[in-house]
Number of protein chains: 2
Amino acid sequence: MFHSLNIDSEKEDRIINAATKVFSENGYKRASTNAIVKEAGISKGILFHYFKSKKDLYLSLYEHLSDMFAEKIYARLDWEERDIFEIIRQVSVIKLELFKTYPDLINFLNSVFHEDEAEVKEEVETIRESLTDSSFTKLFSNIDAGKFREGIDAAKAIQVIYWTFEGFANQQQAKAKSMSVADIYKEDVLAELDSYTDLLKKSFYK
Amino acid sequence: MFHSLNIDSEKEDRIINAATKVFSENGYKRASTNAIVKEAGISKGILFHYFKSKKDLYLSLYEHLSDMFAEKIYARLDWEERDIFEIIRQVSVIKLELFKTYPDLINFLNSVFHEDEAEVKEEVETIRESLTDSSFTKLFSNIDAGKFREGIDAAKAIQVIYWTFEGFANQQQAKAKSMSVADIYKEDVLAELDSYTDLLKKSFYK
DNA sequence: TCTTCATTGACCAACCTGGTCAAAAGGTGT
DNA sequence: ACACCTTTTGACCAGGTTGGTCAATGAAGA
């Protein structure tokens, strides 16, 4: 696992989603394997049959999910794009789609980033290093500053734009908690996102 | 407690700070009274002499801190102010000062807000209701929209401004973790905050 | 010395943890 | 019906942590 074959993918998805949820809500140490098996609707034994320890489960899950996340992002992003709003929109669309099948994916990835339990910290670091996120930061450092109006500090404006969409994402997530995942209409969310884009373009761009 | 007299306030502060820190980092359930007494440098017995239970400690602390927080805000805010940047600046200054004596205060208040442990949820709600935060929201709904440029959606602009300063505050807090509290110079932080104010005023105001 | 009150920390039962393993259930070919 | 093999179960374990107690100690004043 994962991909050790002869396990039906429906059950695999249940394990992934359960573990993702419990780990992201509690962090490594506090997350309980009992809670995970209960959430996934499987027995304790079978979890430890697939994964040799809690640590193994955690690290496998991290590797699996960050690989998948990176893959989806890479496949769909236009790496030549230099307009910050266009980049943010592309990333948002991809995140929204992932959210529907893996609701806690982004929370999990964030929680791993902030994890400081000694038992897993070193291995997390190793896995993180093996990811080529270098070009991802290049994407954001390559933004065309020429589009901003005179007298506008481009670096600060970019920071404001980033914080705005971070805040927007948090707000959407809070809303999503109080309704079923199926009720989140991608179009509605993107329309609201675009209204913020319009406001900021009108204010910052020439 | 709190204010049951015959306890020197230096020790009281140590208990407050320790409990605030541990509760804000772990939430009600996971927070351990052992960790609190260790952090405060007192014995287990004396903590349960002052507070009859963990629950009592938690609720007393919440009441004490939210009272104090509200008091400081009320005493220093100009309630006639209708310029959003001026309001945010005033609130920021007060928060910064509180941060120096009670570093985890704001984190604690936030964590209580998100707490969902059944054992304390009801009482937290009761205490929360007794706070007159109604006029606090009025402060933000009373903002002068006439200052915004034509064609700018004032409600959305206010949201952007709010997210920007929320993001800024988070960034400052992350920085603060990697240096001693004494090294945070109020003036530096306020100067940077003002540079964002300038940017947003230049972009949103007439 | 005696009394009073604040303070200590070893101790407790209850609970929860990650992990095991004998046994049951399910599947397939004969 | 049987035998054989793999998958899955959940009661069980030792180790650890929890909130809370209480007999004992210290300090201070009379």
Side-chain angles (χ1 to χ4, degrees), chain A residues 1-62 115 117-121 123-124, chain B residues 1-62 115 117-121 123-124:
Chain A
M1 274 278 249
F2 297 100
H3 306 122
S4 70
L5 278 301
N6 70 359
I7 177 184
D8 65 302
S9 69
E10 186 269 338
K11 184 185 283 184
E12 183 175 345
D13 264 356
R14 256 165 45 222
I15 297 180
I16 292 179
N17 279 331
T20 306
K21 184 179 175 190
V22 174
F23 277 127
S24 71
E25 283 170 355
N26 303 289
Y28 176 74
K29 195 68 182 238
R30 187 165 57 128
S32 145
T33 53
N34 293 318
I36 294 172
V37 298
K38 194 176 173 186
E39 176 85 25
I42 57 169
S43 74
K44 195 85 167 286
I46 202 64
L47 182 73
F48 283 93
H49 173 68
Y50 288 135
F51 303 91
K52 72 182 219 286
S53 66
K54 179 183 176 180
K55 184 173 171 179
D56 180 37
L57 167 62
Y58 185 76
L59 295 174
S60 300
L61 187 65
Y62 176 49
E115 182 64 58
E117 185 61 39
E119 204 182 331
V120 291
K121 202 164 188 186
E123 285 91 341
V124 162
Chain B
M1 273 279 252
F2 296 101
H3 307 123
S4 71
L5 278 302
N6 68 0
I7 178 184
D8 65 303
S9 69
E10 186 270 337
K11 185 185 281 181
E12 183 175 344
D13 264 357
R14 255 164 47 221
I15 297 180
I16 291 178
N17 279 332
T20 307
K21 184 178 175 190
V22 175
F23 277 126
S24 71
E25 281 170 356
N26 303 290
Y28 176 75
K29 196 68 181 237
R30 188 167 56 129
S32 145
T33 52
N34 294 319
I36 294 173
V37 299
K38 194 176 172 186
E39 176 84 25
I42 57 168
S43 74
K44 196 81 167 289
I46 202 64
L47 182 72
F48 283 93
H49 173 67
Y50 288 135
F51 303 92
K52 71 182 220 286
S53 67
K54 179 183 177 181
K55 184 173 170 180
D56 180 37
L57 167 63
Y58 185 75
L59 295 174
S60 299
L61 187 66
Y62 176 49
E115 182 65 55
E117 185 62 36
E119 205 181 331
V120 292
K121 202 164 189 187
E123 286 91 340
V124 162

**Prompt:** C:dT7, D:dT21, D:dG10: which one has an atom nearest the side-chain heavy atoms of B:Ile46?
**Reply:** C:dT7
**Prompt:** If you pin A:Lys52 and A:Ala35 to their nearest nucleotides in DNA chain C, which one's is more 5'?
**Reply:** A:Ala35
**Message:** Rounded to whole Å, please give me the gap between NZ in B:Lys44 and P in C:dA6.
**Reply:** 21 Å
**Message:** Please report the interatomic distance NZ(B:Lys52) to CG(B:Leu47), rounded to the nearest 0.5 Å.
**Reply:** 13.5 Å
**Request:** Report the nucleotide, chosen from C:dG18, D:dG10, D:dG19, that has the shortest atom-to-atom distance to any side-chain atom of A:Asn34.
**Result:** C:dG18
**Request:** Please state how far atom CZ in A:Arg30 lies from atom C1' in C:dG18, giving the value in whole angstrom units.
**Result:** 17 Å
**Prompt:** So which heavy atom on A:Val37 is nearest to which on A:Ser43, and how close?
**Reply:** CG1-O, 3.9 Å
**Request:** Give the nucleotide from the list C:dT7, C:dG19, D:dT9 with an atom nearest to the side chain of A:Phe48.
**Result:** C:dG19
**Fill in**
Out of D:dT18, C:dT7, D:dT9, minimum distance to the side chain of B:Ser32 belongs to D:dT18
**Item:** Geometric cation-pi criterion A:Lys54 and A:Phe23, 6.0 Å radius, 45° cone
**Value:** no
**Spacing of B:Lys38 atom NZ relative to D:dT18 atom P, expressed in whole Å** = 11 Å
**Asked** For the pair made of CG in B:Leu57 and P in D:dT18, what is the distance, rounded to whole Å?
**Response** 15 Å
**Message:** Base, sugar-phosphate or nothing for B:Ala31? Non-hydrogen atoms, less than 4.0 Å.
**Reply:** sugar-phosphate
**Prompt:** Any idea which of C:dT7, D:dG19, C:dG19 is nearest the B:Tyr50 side chain?
**Reply:** C:dT7
**Request:** Report the distance from atom CG of B:Leu47 to atom P of D:dC22, rounded to the nearest whole Å.
**Result:** 17 Å
**Message:** D:dG19, OP1 or OP2 - any side-chain N/O from B:Thr33 closer than 4.0 Å?
**Reply:** yes
**Message:** So A:Lys54, base contact, sugar-phosphate only, or nothing? Heavy-atom distance under 4.0 Å.
**Reply:** sugar-phosphate
**Request:** Look at the side chain of A:Glu123 and the backbone N and O of A:Leu59, then say whether any donor-acceptor pair between them is shorter than 3.5 Å.
**Result:** no
**Prompt:** For the pair made of NZ in A:Lys29 and P in C:dG18, what is the distance, rounded to whole Å?
**Reply:** 10 Å
**Complete:** Atom CD1 of A:Ile36 and atom C1' of C:dG19 are separated, to the nearest Å, by 13 Å
**Prompt:** Whole Å only: how far is the CD atom of A:Glu119 from the P atom of C:dT17?
**Reply:** 15 Å
**Item:** Nearest-neighbour nucleotide for the B:His49 side chain, C:dA6, D:dT8, C:dA10 considered
**Value:** C:dA6
**Message:** Show me the pairs that pass salt bridge (charged side-chain N to carboxylate O under 4.0 Å, His left out) and involve residues 30-47 of chain A, at least two apart or across chains.
**Reply:** A:Lys21-A:Glu39
